[in-house]
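See structure below.
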Number of protein chains: 4
Amino acid sequence: MARNIEKDKQMRWERKQHILECALHAIAKKGVGSVEIKDIARESKISVGSVYTYFKSKDDVLKEVVRKGQEEYRIFTKNIAENSDMNSLDKLREICTIWLDLKSNWAYTILLQSVRSNETVHGELRDTVTKRFTRNLEPISAIIREGQANGTIKDGAPLELAFYFVSLIQGLTLQRVPGYEIPVNIDVEGIIQLFAQKTY
Amino acid sequence: MARNIEKDKQMRWERKQHILECALHAIAKKGVGSVEIKDIARESKISVGSVYTYFKSKDDVLKEVVRKGQEEYRIFTKNIAENSDMNSLDKLREICTIWLDLKSNWAYTILLQSVRSNETVHGELRDTVTKRFTRNLEPISAIIREGQANGTIKDGAPLELAFYFVSLIQGLTLQRVPGYEIPVNIDVEGIIQLFAQKTY
Amino acid sequence: MARNIEKDKQMRWERKQHILECALHAIAKKGVGSVEIKDIARESKISVGSVYTYFKSKDDVLKEVVRKGQEEYRIFTKNIAENSDMNSLDKLREICTIWLDLKSNWAYTILLQSVRSNETVHGELRDTVTKRFTRNLEPISAIIREGQANGTIKDGAPLELAFYFVSLIQGLTLQRVPGYEIPVNIDVEGIIQLFAQKTY
Amino acid sequence: MARNIEKDKQMRWERKQHILECALHAIAKKGVGSVEIKDIARESKISVGSVYTYFKSKDDVLKEVVRKGQEEYRIFTKNIAENSDMNSLDKLREICTIWLDLKSNWAYTILLQSVRSNETVHGELRDTVTKRFTRNLEPISAIIREGQANGTIKDGAPLELAFYFVSLIQGLTLQRVPGYEIPVNIDVEGIIQLFAQKTY
DNA sequence: TATGAATGAGTTTTCATTCAT
DNA sequence: AATGAATGAAAACTCATTCAT
């Protein structure tokens, strides 16, 4: 008779997360501007109507996907930055390797750019995204500061270097369009060496 | 009579170029997937119908905008690469400075990303864009090879380094959304130093 | 055992009445054409699915609400009309006062209008409503006839006067939208005097 | 080549008015809550898309229909009220007769009630409608004051009497649902006599 | 050529009804 | 019985393209 309210809530949350993940893939395939609710529904293997059971509108889905992506990214970099078992360069290596490996990051990066540069997106969301991006530079910045202290990373303003590092990785990520890859090898070690302090 | 036909052709060509420039800005503002013919018309200060006097379809406008942008970029980098009055690092400095300065590059970079990553864009165009992008790495690659030869630029596969250089600049460009800039300073010298060979 | 079945039936009937009352308010708030099953469920503090446990369809709810309303109205006017302790004008006064006082009458009157004037409502229901309305004029008409006989109510076809009386009260009721009242005083005595015979 | 801008504006305005008139009829047939843009388009003999060329949304159409209706009603009553060739009772007779004769008034009255009593309609519009309704009582009120001055109309607060008069006519109008009329004769003279001062 | 209204195919969104739990 | 998520048919709305002026 009665339902387990707690369990219902949990399931609802899980299904929402599932849709968000599928939405990210759908968006990655068609672009923010072109993705249809139909695509998100198909990718999630649910009906079009059901998407609206979990989200108010298409815009609402987009907003949530971005939020989730930025949160996960923050946790990802923060965990690596605070790992005391790795040295600074290894931390950058790890971030670089995992980031460039994950297929979904490509989709997420494209979405992030689209949202920020798209005038039809509500200003408040664009602002939030920009602020979170800035805040998410901190863990990288911390790694660089640490590396500079022990002489393994190049001199320079840590925040600026973090900004270059992230922009480079994002720039490279965007080039990896499935089916339309630039036929140039990406070598993590080569990237890390750009930021490493040469020692003698 | 023949004179007037010539003149008409010229005017037609000029108006087409004008529309293409305006279309670039319209696309940058709303994204490839969301831009409407109405937006392009408004930006160009002409009517919707008139756009169709100069272009066969929305897709046709898109194709032309991308072609024009990539051609101009090629000429820009080629000219700098072949300039014998500048040393290698100065050439990279020049490309970096001018690129990050030009407002229209932001629009163009976004457009490029949008076209390549958007599944609704015709495959042929996406393929062409990818190929031209790859080909456009050559002038940068040449500068790097030159710099490595005279010991001013870091060692490493020139094409890969060129790819990193371009990706970094594009990555930074994408962050510079008008009104939503990341509040971190971008210092050309800092970027160049990532690629410079440290000498003693 | 038989006792429980009886009790179950009784409870079912009571819950149906509860839903009908709540449905009336939901309809009054949003209009017949706009009200959703969800609204009726919310107002009744039960789930959407439960509404279907008690009623076959949305149309079925509607039909029942109207029937209930008209039946109650008939009983209300009939009781007053047949009350031998009141004189004719007092009867009209009583009807007028109670009708304009009851909040639920506003909802019911709006519902009645909506149903009759809404093409999407099944013709049979609209017809039934019209017929019952006409039949419900009788008690008022009887009061007027009685009043004319004893010289307290104006001359004229009783049924027509009853029609005017009811229309006037309904017209006034419709103006009393909660929160959007017309800022003009409604004075029962003033209304009654329109129908009273002036004596000297 | 160039278009007559003035003429274009004029035509646009006329077509808008045409759609509004047709929309009123469509609304009258199906009710505010049930009318579809399709219905309005069909009634106007244009395509669905074209309705959106002239109006932002379905809501916008409704808003404009109400505004137009109330404006026309104001002009109609004001003209009669200010006509010095008619006596007070004749003025009321004229309003009553014309109002009850016009088929479109039925639709308009239903719409007016729907908008005011519909919670889904934006509060600002409901407020505006209520205020205009109140203001539109003035011409009737003026007629009644005039009639009381020359002894042809019953004593009582003119604004209240005007409110009763209008409510009665609106109440009667609402009963005249095409196809579902109450089979009771409506006699303008009988209505007027409710408000007339009996003289000896 | 220039214009912008008209069109209709395609999307987004809503909601009565069903159904698994 | 009770619940509320799932569904899909239908309604609202958008927009590339056409076309009369």
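Using modelled atom types, one side-chain atom of B/S57 and one backbone atom of B/D60 make a donor-acceptor pair closer than 3.5 Å. Remark: the backbone N or O of D/Y180 is paired with a side-chain donor or acceptor of C/R116 at under 3.5 angstrom. Distance alone, capped at 3.5 Å, is enough to place a donor-acceptor pair between the B/K58 side chain and the B/V35 backbone.
Protein atom CD of B/E36 is 16 Å distant from nucleotide atom P of E/dG4, rounded to whole Å. Rounded to whole Å, atom C1' of F/dA16 lies 14 Å from atom NZ of B/K30. Residue D/D39 contributes atom CG, which lies 13 Å from atom C1' of F/dA10 at whole-angstrom precision. Rounded to a whole Å, the CZ atom of A/R42 is 15 Å from the P atom of F/dT7. Taking atom NZ of residue D/K7 and atom C1' of nucleotide F/dT21, one finds them 9 Å apart after rounding to whole Å. Atom CD1 of B/I40 and atom C1' of E/dG4 are 17 Å apart (whole Å). Rounding to whole angstrom units, NZ of residue A/K38 and P of F/dC13 are separated by 20 Å. The separation between A/I37 atom CD1 and F/dT7 atom C1' is 15 Å, rounded to whole Å.
Contact record, D/E43 with D/C22: CG-O, 3.3 Å, taken as the closest heavy-atom pair. Nearest heavy-atom pair across C/K16 and C/F55 is CE-CE2, 3.5 Å.
Residue D/L24 holds its CG atom at 10.5 Å from CG of D/L62, rounded to the nearest 0.5 Å. The NZ atom of C/K63 lies 7.5 Å from the NE2 atom of C/H122; values are rounded to the nearest 0.5 Å.
A salt bridge links B/D39 to B/K30: at least one charged side-chain nitrogen sits closer than 4.0 Å to a carboxylate oxygen.
Taking every heavy atom of residues 13-25 of chain D and every atom of DNA chain E, pairs under 4.0 Å involve D/R15, by number. Contact check of residues 45-61 of chain D against DNA chain E (heavy atom, cut-off under 4.0 Å) returns D/I46, D/S47, D/G49, D/S50, D/T53, D/Y54.
Comparing B/R12 and A/V35 along DNA chain E, the residue whose closest nucleotide (by nearest heavy atom) sits nearer the 5' end is B/R12.
Taking a pair as Watson-Crick or G-U wobble with both distances under 3.5 Å, the runs of three or more consecutive pairs in DNA chain F are E:2-21 with F:2-21.
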Quick one: do C/Q10 and C/E14 satisfy side chain to side chain donor-acceptor pair (under 3.5 Å)? Show the steps, please. CA-CA 6 Å; C/Q10 173 66 15; C/E14 274 168 17; 2.8 Å; yes
Salt bridge (Lys or Arg N to Asp or Glu O under 4.0 Å) evaluation trace for B/E64 with B/R67: CA-CA 5 Å; B/E64 290 283 298; B/R67 193 195 42 67; 3.2 Å; yes
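Side-chain atoms of B/V61 and B/I40, non-hydrogen and from C-beta on, do get closer than 4.5 Å to each other.
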